[in-house]
Amino acid sequence: AAGVIQSPRHLIKEKRETATLKCYPIPRHDTVYWYQQGPGQDPQFLISFYEKMQSDKGSIPDRFSAQQFSDYHSELNMSSLELGDSALYFCASSLVKRDFYNEQFFGPGTRLTVL
Amino acid sequence: AQTVTQSQPEMSVQEAETVTLSCTYDTSESDYYLFWYKQPPSRQMILVIRQEAYKQQNATENRFSVNFQKAAKSFSLKISDSQLGDAAMYFCAYDGNAGNMLTFGGGTRLMVKP
């Protein structure tokens with residue numbers, strides 16, 4: 001079965017540079033979530049989109065922005081990168097089904113290293 | 001805001017034995033979902049088991065079962081017949097009705113000794 005695809009899998013950037021992470025949800029899934037997992041930490045929810053509209057917002061810095069496109073893929077744009085942005089960034093997707101729990105399926109993550 | 005607490009940073013179990021990982025949470029909601037996720041060295045997040053708060057019956061998935069105590073806000077994971085492949089970081093997670101976003105605990109690293 002098709003899974004969530006994230007690209008790139010690894011990314012190295014310098015401080016103050018920008019980075020764009022991409023997420024391709026499972027086919028027919030309409031919701032995308034972004035999580036950030038710092039070294040030795042638990043994943044923290046950043047933001048989510050449903051049908052191309054932002055649905056929930058968590059602890060996402062103002063330097064970050066994200067969007068979901070018409071084909072449901074999502075991009076997380078990160079500007080003015082800081083050392084503390086080094087983390088594993090997970091994307092998850094789900095399909096909203098009325099009266100059912102919308103289980104999130106996680107991608108393999110993008111490891112961002114800021115030097 | 002909801003919080004999830006895992007009080008055991010590390011646990012160790014002998015192969016074929018049983019181990020229980022603890023999780024407590026704090027919420028004012030009455031309907032919610034609780035999860036255990038496994039994160040092996042590959043860092044992939046794998047759903048192990050899910051519990052709906054409105055269900056009194058504890059969820060089970062093969063060798064994995066939970067002890068859900070709603071009044072105590074406790075949600076422990078029992079792994080029976082532990083296998084070497086069970087070695088991983090385990091995260092307890094909460095999802096309430098306010099939004100479909102997961103709140104994770106700090107994780108418990110499980111080591112399995114042969």
Side-chain angles (χ1 to χ4, degrees), chain A residues 1 3-6 9-10 23 25-26 29-51 53-60 66 86-113, chain B residues 1-10 21-25 27 29 31-55 59 61 68 75 77 88-110:
Chain A
V4 177
I5 297 172
Q6 291 187 247
R9 293 293 308 277
H10 301 273
C23 170
I26 290 172
H29 279 196
D30 50 18
T31 306
V32 169
Y33 314 78
W34 287 97
Y35 293 85
Q36 177 193 57
Q37 186 179 24
Q41 298 179 6
D42 56 289
Q44 296 289 319
F45 172 76
L46 294 179
I47 196 167
S48 63
F49 293 87
Y50 167 64
E51 285 290 346
M53 299 287 289
Q54 180 182 309
S55 57
D56 289 294
K57 194 172 183 180
S59 51
I60 183 169
S86 295
L88 188 60
Y89 289 84
F90 284 108
C91 172
S93 75
S94 71
L95 173 64
V96 173
K97 292 179 287 186
R98 192 181 179 86
D99 298 329
F100 285 88
Y101 178 73
N102 309 318
E103 180 175 340
Q104 297 182 34
F105 294 83
F106 281 80
T110 292
R111 180 173 298 283
L112 172 66
T113 302
Chain B
Q2 291 79 23
T3 58
V4 179
T5 303
Q6 294 177 246
S7 58
Q8 307 153 316
E10 277 190 6
L21 308 184
S22 302
C23 173
T24 58
Y25 58 95
T27 183
E29 296 176 313
D31 285 332
Y32 49 87
Y33 298 85
L34 295 164
F35 309 84
W36 280 97
Y37 279 89
K38 171 185 178 181
Q39 188 176 43
S42 67
R43 307 301 299 277
Q44 176 77 47
M45 293 292 285
I46 302 166
L47 177 64
V48 175
I49 200 164
R50 180 180 86 207
Q51 174 77 44
E52 291 87 345
Y54 63 86
K55 288 186 178 178
E61 285 289 341
F68 173 49
F75 182 62
L77 174 70
M89 192 70 133
Y90 286 82
F91 290 99
C92 178
Y94 172 101
D95 188 5
N97 277 335
N100 200 194
M101 63 189 88
L102 294 169
T103 300
F104 289 88
T108 296
R109 182 172 303 282
L110 177 66

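Every chain is numbered from 1, with letters handed out A, B, ... down the list of sequences.
- Remark: A:S55 pairs with A:S48 by the side-chain hydrogen bond (donor to acceptor under 3.5 Å, both in side chains) rule, at least two apart or across chains.
- Residues satisfying the side-chain hydrogen bond (donor to acceptor under 3.5 Å, both in side chains) test with A:Q6, not counting sequence neighbours, are none.
- Per-residue counts of heavy-atom pairs under 4.5 Å with chain A were compared for B:M89, B:Q39, B:R109, B:Q6; the largest is that of B:Q39.
- In this structure, CD on A:E103 lies 7.0 Å from CZ on B:F35, to the nearest 0.5 angstrom.
- Smallest separation of non-hydrogen atoms from A:P108 and B:Q44: CA-OE1, 3.4 Å.
- Listed by chain and residue number, B:R50 satisfy the side-chain hydrogen bond (donor to acceptor under 3.5 Å, both in side chains) test with B:E52 (two or more places apart in sequence, or in another chain).
- The shortest heavy-atom contact between B:F104 and A:D42 is O-OD2, 3.3 Å.
- Between the CE atom of B:M101 and the CG atom of A:D56 there is a distance of 3.5 Å, given to the nearest 0.5 Å.
- Using a 4.5 Å cut-off between non-hydrogen atoms, the part of residues 29-39 of chain A that approaches chain B consists of A:Y33, A:Y35, A:Q37.
- With a threshold of 4.5 angstrom between heavy atoms, A:Q104 approaches chain B through its backbone and through its side chain.
- Residue A:F106 holds its CZ atom at 9.0 Å from CG of B:L47, rounded to the nearest 0.5 Å.
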